[in-house]
**Q** 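Below: one structure in structure tokens.
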Amino acid sequence: MVKNKKQKKRPLCLITGASAGIGAALAREFAKAGWDLALTARREAPMLTLAKELKRDYGATSHIIPADLSKPGACADILERLGKKTTHIDGLVNNAGFGLTGNFIENEWSAHKDFLTLMLEAPTEMTRMLVDGMVERRFGRIINVASLAGHVPGSRGHTLYAATKSYLIKFSQSLNLELQEHGIKVSALCPGFTYSEFHDVNETRSAVSKLPDWMWMSAEDVAQSGFLALSHNKAVHIPGAGNKIIALLARLLPDPWALALMNRNSERVRKGTK
Ligand SMILES: NC(=O)c1ccc[n+]([C@@H]2O[C@H](COP(=O)([O-])OP(=O)(O)OC[C@H]3O[C@@H](n4cnc5c(N)ncnc54)[C@H](OP(=O)(O)O)[C@@H]3O)[C@@H](O)[C@H]2O)c1
């Protein structure tokens, strides 16, 4: 069991985007390893169901805090609502996210701004707010859920998505180095195509369902692999052999080739979608 040796009670991990997909699967991994959970997302009902499951299967206590992380001040509000429990948050999973459909000029600034608040500001701010306590206790575990998209060239559509995921990868690498001496492990988890609600939310389900099976992983496999990578303090982790090969190709191919390949394939994937 992963735990802070100085603590008697189960350590507490805050997971954003815990109402579905990879976030819910990571909550199961932490609970299985002996953690209690603070679960946050906008929808309360699925988190209540998950909390019951975590109690029944692993004896974990979950605190549910419905919140919209694309709104300024949401991080502070979540921690305020957790009250005294924030004094022992030893784990943080920055996972909440979605893909904003369309090209850059097809979305108003307000949509881009909300997206950046959710994808960049919230993980950075939440980390800053919780890391002092982890440093003090000389124990912490942080996962930033990035994406394979952060390892391959940008493409048309979902313009800011890959850029935000690249940011999370670099942020995690630096944090991993800076926080090692404080007993804190940091890992960027970079899944490829994963079965979750993600492609329903960004309206690409019908297109991506044509992709071959080898390109897909379950949220459970992604979470299991990511949790293990965190325990080994891997700064950047790409789950799945197929995803690792794609990332390697993107690194080895000359930039113009990688860009052209990415452009052709993403066009194909998004063809017929909004
Ligand atoms: N699925 C993939 O193929 C894939 C691949 C690479 C990376 N990822 C990344 O993995 C992470 C999790 O995605 P997923 O695949 O598990 O998708 P998902 O099933 O759609 O889950 C996304 C989670 O984020 C939450 N969320 C979205 N907007 C939010 C907001 N404004 N405020 C608070 N919570 C919000 C959602 O909860 P509510 O709707 O209840 O708020 C949900 O719990 C994301 O960061 C995504 O970019 C996914």
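Position 1 is the first residue of the sequence; numbering continues from there. In listed order, ligands and their atoms are each counted from 1.
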**Q** Are F98 and F115 close enough that their ring centres sit under 6.0 Å apart?
**A** yes
**Q** Any side-chain to backbone donor/acceptor pair from S209 onto S206? Under 3.5 Å, distance only.
**A** yes
**Q** Establish whether V236 and F171 are linked, either directly or via other cluster members, by ILVMFWY side-chain heavy-atom contacts under 4.5 Å.
**A** no
**Q** Given N94, which of T124, T16, T127 fulfils the side chain to side chain donor-acceptor pair (under 3.5 Å) condition?
**A** T127
**Q** I'd like to know whether the aromatic ring centres of F104 and H112 sit less than 6.0 Å apart in this structure.
**A** yes
**Q** Take the angle between the ring planes of H199 and W216 and call it parallel below 30°, perpendicular above 60°, tilted in between.
**A** perpendicular
**Q** Distance under 4.0 Å, heavy atoms only, partner ligand 1: which residues pass?
**A** G17, A18, S19, A20, G21, I22, A41, R42, R43, A67, D68, L69, S70, N95, A96, G97, L118, V145, A146, S147, Y161, K165, P191, G192, F193, T194, S196, E197, F198, H199
